[in-house]
Amino acid sequence: MNILEGLNSAQRQAVEAPEGPILVVAGPGSGKTRVLTHRVAYLVRERGVKPYHLLAVTFTNKAAREMKERLFQLLGSGLREITIGTFHATCVRILRRESERAGVERSFVIYDENDQTNLVAEAVDELGLDKKAYRPRAFLAAISHAKCELIPPSAFPTPTYWHEIAGRVYHRYQELLATNKALDFDDLLTKTVDLFRNEKDVLDKYRRRYQHVLVDEFQDTNMAQYELVKLLTLEHRNLFVVGDEDQSIYTWRGADFRNVHRFRKDFPEASVILLEQNYRSTQNILDAAHSVISKNEARVEKRLWTEKECGLPLTIIEAYDEEEEAQYVLGEIQRLEARGVCDLGDCAVMYRTNAQSRALEDAFVRAGVPYRLVGATRFYERREVKDIIAYLRLVHNPYDALSLLRIINVPRRAIGKKTLKQLMEWVNRLGISIYTALGRLSVQEAEETPFHPRSKRILSEFANLLEELIDAGQRLDLLELFDLVLERTGYAEYIRDGTEQGEERWNNVMELRTVASEYADLATQVGLTTFLEEVALVSDVDNYDERANAPTFLTLHMAKGLEFPVVFIVGLEERVLPHSRSFDDREAMEEERRLCYVGITRAKERLYLIHTFRRTLRGLSQVNTPSRFLLDIPQKLVRGSTGYERTTRLPRGPATVEVHQFNPGDKVRHPQFGEGVVVSSKLVGDDEEVVVAFVGMKPKRLLVSFAQMEKLLPTRG
């Protein structure tokens with residue numbers, strides 16, 4: 001297969017670029033993944049680089065899978081030796097391989113966000129702090145930010161008393177992680193950076209191994225990730241990065257788009273290649289996106305273009321409130337599907353915050369229309385799933401105190417709060433792990449314990465069960481171990497309580513078993529280790545199923561990397577998008593603008609931008625001003641009623657409603673709102689928009705095409 005076949009001139013320039021540092025500035029929909037994969041294949045096939053010497057880093061498992069699939073088409077079996085994965089997954093492999101030199105346990109477990117919050121809460125309790133005044137999640141955010149910036153507890157800045165307390169929590173949190181032989185997500189990066197900084201021979205080994213490093217979504221790297229790739233490539237300088245600062249939307253979790261500028265400073269000889277041809281959206285959508293993003297200052301100017309037609313104008317709609325906003329979205333999706341324009345699964349509804357999905361969900365549930373919610377309770381965060389994973393984590397690492405405390409009384413073993421309190425006090429007094437303490441009980445050591453004989457017997461039985469499972473983990477494959485855990489713990493009987501919810505929870509356990517079956521062919525212990533790593537690093541987008549035929553609801557942050565024929569962005573109002581927190585911070589406002597840009601560029605053919613006259617936020621109903629981002633879009637790209645100074649009637653097409661079906665004063669009946677009187681009526685494209693005053697309600701703005709209203713004839717007197 002010709003590696004360069006099908007590439008445009010800019011893509012070909014990037015793929016064929018000589019060795020050395022390369023920065024590819026790739027606009028949305030410009031084929032950056034294609035460039036990255038073809039660059040890898042080109043290095044192997046045309047430049048003779050051994051696959052073993054290549055490292056390709058992505059930001060999601062989904063992106064890594066997609067790259068592997070594409071590379072398999074290009075390289076076939078040669079793909080196996082290339083290291084492809086997320087930053088975190090790559091660091092996990094390095095840390096397990098170099099655990100002794102890195103100062104970590106080889107069997108470390110990876111704590112997810114919930115585990116981390118619980119551990120910070122434990123540190124807060126130990127320091128005698130009030131959790132209402134000193135929220136664990138706020139401390140965790142500060143700790144994570146420090147780690148992203150490679151700041152250890154000893155160097156944590158303390159400009160205020162709160163930060164001084166946060167520094168103490170940070171220090172204790174790290175001690176607790178070490179006690180549990182656990183690492184959090186940020187540790188995976190910082191421990192690897194420390195390893196490379198402190199162990200020159202280890203760094204040299206990986207520099208020799210990874211002679212070409214390629215990084216996707218470079219604008220989303222944090223300082224730790226940037227330092228990692230810089231350490232690996234500073235000598236051979238074969239660093240190929242693809243990114244777009246216009247799509248940097250993750251500052252809140254440590255991403256720093258200024259790494260693009262750091263790259264150009266650290267690698268001044270770097271070639272810069274622009275990818276501006278878009279293969280996703282119509283020109284109208286691209287021009288609208290440019291009009292929004294061009295107001296930002298810290299960016300490389302580029303103008304996306306496409307060989308596609310200009311396409312339909314954007315539709316801007318003003319709804320009265322969030323309920324009417326949801327009704328409009330529902331009705332328009334139903335209308336598009338009924339006309340054969342698109343399937344339900346072609347549509348996405350995007351919003352700034354998760355809370356905005358409530359009105360949308362209510363409307364779709366009432367109408368019996370299915371939907372997919374990305375970013376809801378994740379599969380791996382469900383109680384029953386976390387329970388089974390906790391058992392498996394203990395088999396892998398019995399010193400994991402969080403997992404042990406999670407399941408010590410699940411299913412119920414009559415180990416109550418009093419017994420657990422006695423256990424923790426005893427453990428702390430002896431200065432040993434819970435696992436070690438339970439081991440002492442199970443072998444009937446003569447030392448005095450604080451437990452009632454019955455409690456001691458139950459704890460000993462649990463310790464024996466744990467040892468049995470740990471021993472089985474040395475002999476059984478993952479699927480056999482999974483089934484043994486269910487059998488010996490009695491979890492199946494515990495969860496299948498005869499209720500519909502119990503069956504749903506059991507189905508989730510069986511779904512987890514399906515996942516585990518994919519690792520059953522791996523060697524004993526390797527399957528368990530790999531399984532635990534990969535489920536710990538999975539994200540919401542990784543679980544996104546593009547085949548389901550239902551509209552997708554998701555935040556704009558979750559939309560990155562996805563595309564849809566039809567996109568609705570709701571809540572385009574000041575203090576919603578842009579968010580109220582950004583008003584006094586220029587950099588934060590620029591990120592809000594980038595977030596809007598990302599949302600717009602997810603659309604392939606049709607884009608609806610919706611704002612409301614009134615919205616209820618945090619229990620308060622308030623009149624809203626349309627988003628400044630709407631004002632940036634030229635009128636020539638828009639059709640619709642915007643509700644502000646640019647209010648205009650939509651151009652009418654072949655399906656135009658030539659006469660008003662309803663006029664002011666008409667009495668009408670709505671299947672949901674009852675009887676009312678039409679206040680006003682106007683033509684909106686090929687539809688009619690009416691405002692109706694229903695009995696006992698505030699006026700409702702409705703589109704006739706899906707309102708299902710009937711006009712009431714006047715009664716004869």
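Numbering starts at 1 and runs along the sequence shown. What's counted below: heavy atoms across the whole structure, side chains too, no hydrogens, waters or symmetry copies. Because the structure is predicted, anything quoted here is derived from the model rather than measured.
Judged purely by atom type and a 3.5 angstrom limit, Arg602 has no side-chain atom pairing as donor or acceptor with the backbone of Pro565. Of the possible polar contacts, none joining the Thr37 side chain to the Leu71 backbone as a donor-acceptor pair under 3.5 Å is found. Distance alone, capped at 3.5 Å, is enough to place a donor-acceptor pair between the Arg39 side chain and the Val15 backbone. Using modelled atom types, no side-chain atom of Tyr210 and backbone atom of Ala56 make a donor-acceptor pair closer than 3.5 Å. Here the side chain of Glu324 pairs a donor or acceptor atom with the backbone of Tyr320 at under 3.5 angstrom. With hydrogens and angles ignored, the 3.5 Å screen pairs no side-chain donor or acceptor of Ser30 with any backbone N or O of Glu276. Glu605 places no side-chain N or O within 3.5 Å of a backbone atom of Gly311 that could act as its donor or acceptor partner. Of the possible polar contacts, one joining the Asp346 side chain to the Asp343 backbone as a donor-acceptor pair under 3.5 Å is found. The backbone N or O of Ile3 lies less than 3.5 Å from a partner atom in the side chain of His38, making a donor-acceptor pair. One N or O on the side chain of Asn8 and one on the backbone of Gln11 form a donor-acceptor pair closer than 3.5 Å.
The shortest non-hydrogen separation linking Leu54 to His212 is CD2-CB, 3.4 Å. Across all their heavy atoms, Leu562 and Met558 have their closest contact at CD1-O, 3.9 Å. The two residues Gln247 and Gly27 have their closest heavy-atom pair at NE2-C, 3.9 Å. The minimum heavy-atom distance between Asp244 and Pro28, with the atom names listed, is OD2-CD, 3.6 Å. Residue Leu36 comes nearest to Val242 through the heavy atom pair CD1-CG2, 3.6 Å, listed as atom of the first residue, atom of the second, then distance. Of all heavy-atom pairs between Arg262 and Tyr226, the closest is O-OH, 3.2 Å.
Rounded to the nearest 0.5 angstrom, Cys91 SG and Leu189 CG are separated by 5.0 Å. Put simply, CZ on Arg581 and CE on Met589 are 12.0 Å apart, with the number rounded to the nearest 0.5 Å. A distance of 11.5 Å separates CG of Leu43 from CD of Glu16, quoted to the nearest 0.5 Å. Atoms OG1 and CG, from Thr625 and Leu630 in turn, are 11.5 Å apart once rounded to the nearest 0.5 Å. Here the CG atom belonging to Asp246 is positioned 8.5 Å from the CD atom belonging to Glu301, to the nearest 0.5 angstrom. With rounding to the nearest 0.5 angstrom, the CZ atom of Phe564 is 9.5 Å from the SG atom of Cys347.
Looking at Arg594 and Glu591, a side-chain N of the basic residue comes within less than 4.0 Å of a carboxylate O on the acidic one, giving a salt bridge. Classification of Glu69 and Arg65 as a salt-bridged pair fails, no side-chain N sitting under 4.0 Å from a carboxylate O. At a threshold of 4.0 Å, the pair Glu590-Lys295 does not count as salt-bridged, since none of the basic side-chain nitrogens sits closer than that to a carboxylate oxygen. Salt bridge Arg237/Glu269: present, at least one basic N to carboxylate O contact under 4.0 Å. Glu325 and Arg615 are joined by a salt bridge, as a carboxylate oxygen and a charged side-chain nitrogen come within less than 4.0 angstrom of each other. A salt bridge between Asp287 and Lys636 is absent, with no side-chain N of the basic residue lying under 4.0 Å from a carboxylate O of the acidic one. We find that Arg701 and Asp321 are not joined by a salt bridge, their nearest charged nitrogen and carboxylate oxygen being 4.0 Å or further apart.
Using a 4.5 Å cut-off on side-chain heavy atoms (C-beta onward), Leu556 and Val598 make no contact. Within the 4.5 Å cutoff, the side chain of Ile249 has heavy atoms near those of the His557 side chain. Residues Leu702 and Glu689 are not in side-chain contact: their nearest non-hydrogen atoms beyond the backbone lie 4.5 Å or more apart. In this structure, Glu46 and Leu4 have side chains that are not in contact, with every pair of non-hydrogen atoms separated by 4.5 Å or more. Side-chain contact between Thr58 and Met67 is present, with at least one heavy-atom pair separated by less than 4.5 Å. For the pair Leu275 and Val25, the minimum side-chain heavy-atom distance is 4.5 Å or more.
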Task: Worked verdict on Ile22 versus Val272 for side chain to side chain contact (heavy atoms under 4.5 Å, CB included) - done: CA-CA 6 Å; Ile22 308 291; Val272 179; over 6 Å; no

TODO: In sequence, state the C-alpha distance, the side-chain angles, and the governing distance for Asp256 and Thr251, and then conclude on side chain to side chain contact (heavy atoms under 4.5 Å, CB included).
DONE: CA-CA 6 Å; Asp256 190 347; Thr251 299; over 6 Å; no

Task: Stepwise side chain to side chain donor-acceptor pair (under 3.5 Å) check, Gln356 with Thr353 - done: CA-CA 6 Å; Gln356 289 172 255; Thr353 62; 3.2 Å; yes

- [ ] Please assess Arg593 against Asp632 for the test salt bridge (Lys or Arg N to Asp or Glu O under 4.0 Å), listing each intermediate value before the final yes or no.
- [x] CA-CA 11 Å; Arg593 193 174 286 280; Asp632 293 332; 2.5 Å; yes

- [ ] Go through Arg280 and Glu563 one step at a time and tell me if the salt bridge (Lys or Arg N to Asp or Glu O under 4.0 Å) criterion holds.
- [x] CA-CA 8 Å; Arg280 176 187 299 155; Glu563 59 181 37; 2.9 Å; yes

- [ ] Evaluate the side chain to side chain contact (heavy atoms under 4.5 Å, CB included) criterion for residues Val576 and Tyr351: first the C-alpha distance (whole Å), next the side-chain angles of each, then the deciding distance (0.1 Å), finally the verdict.
- [x] CA-CA 9 Å; Val576 180; Tyr351 34 81; over 6 Å; no

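Within a 6.0 Å radius of NZ in Lys50, no more than 12 heavy atoms belonging to other residues, nucleotides or ligands are found. More than 12 heavy atoms of other residues, nucleotides or ligands shown are found within 6.0 angstrom of CZ on Arg47.
Applying the salt bridge (Lys or Arg N to Asp or Glu O under 4.0 Å) rule to pairs touching residues 20-35 yields Lys32-Asp216, Lys32-Glu217, sequence neighbours excluded. For the ring-ring contact (aromatic ring centres under 6.0 Å, His included) condition, the pairs that include at least one residue of residues 260-289, sequence neighbours left out, are Phe218-Phe263, Phe263-Phe267.
Considering Leu228, Leu55, Val213 as possible partners of Thr233, the one that fulfils the side-chain contact (heavy atoms from CB on, under 4.5 Å) test is Val213. Put simply, the residue from Glu573, Glu574, Glu592 that forms a side-chain hydrogen bond (donor to acceptor under 3.5 Å, both in side chains) with Arg628 is Glu574.
The side-chain contact (heavy atoms from CB on, under 4.5 Å) test applied to Val341 returns Leu336, Arg339, Arg606, not counting sequence neighbours.
Arg575 forms a cation-pi arrangement with Phe583, by the criterion of a distance under 6.0 Å to the ring centre and an angle within 45° of the ring axis. A cation-pi arrangement is absent between Arg335 and Tyr608, since the terminal nitrogen or guanidinium carbon is not both under 6.0 Å from the aromatic centre and inside a 45° cone about the axis.
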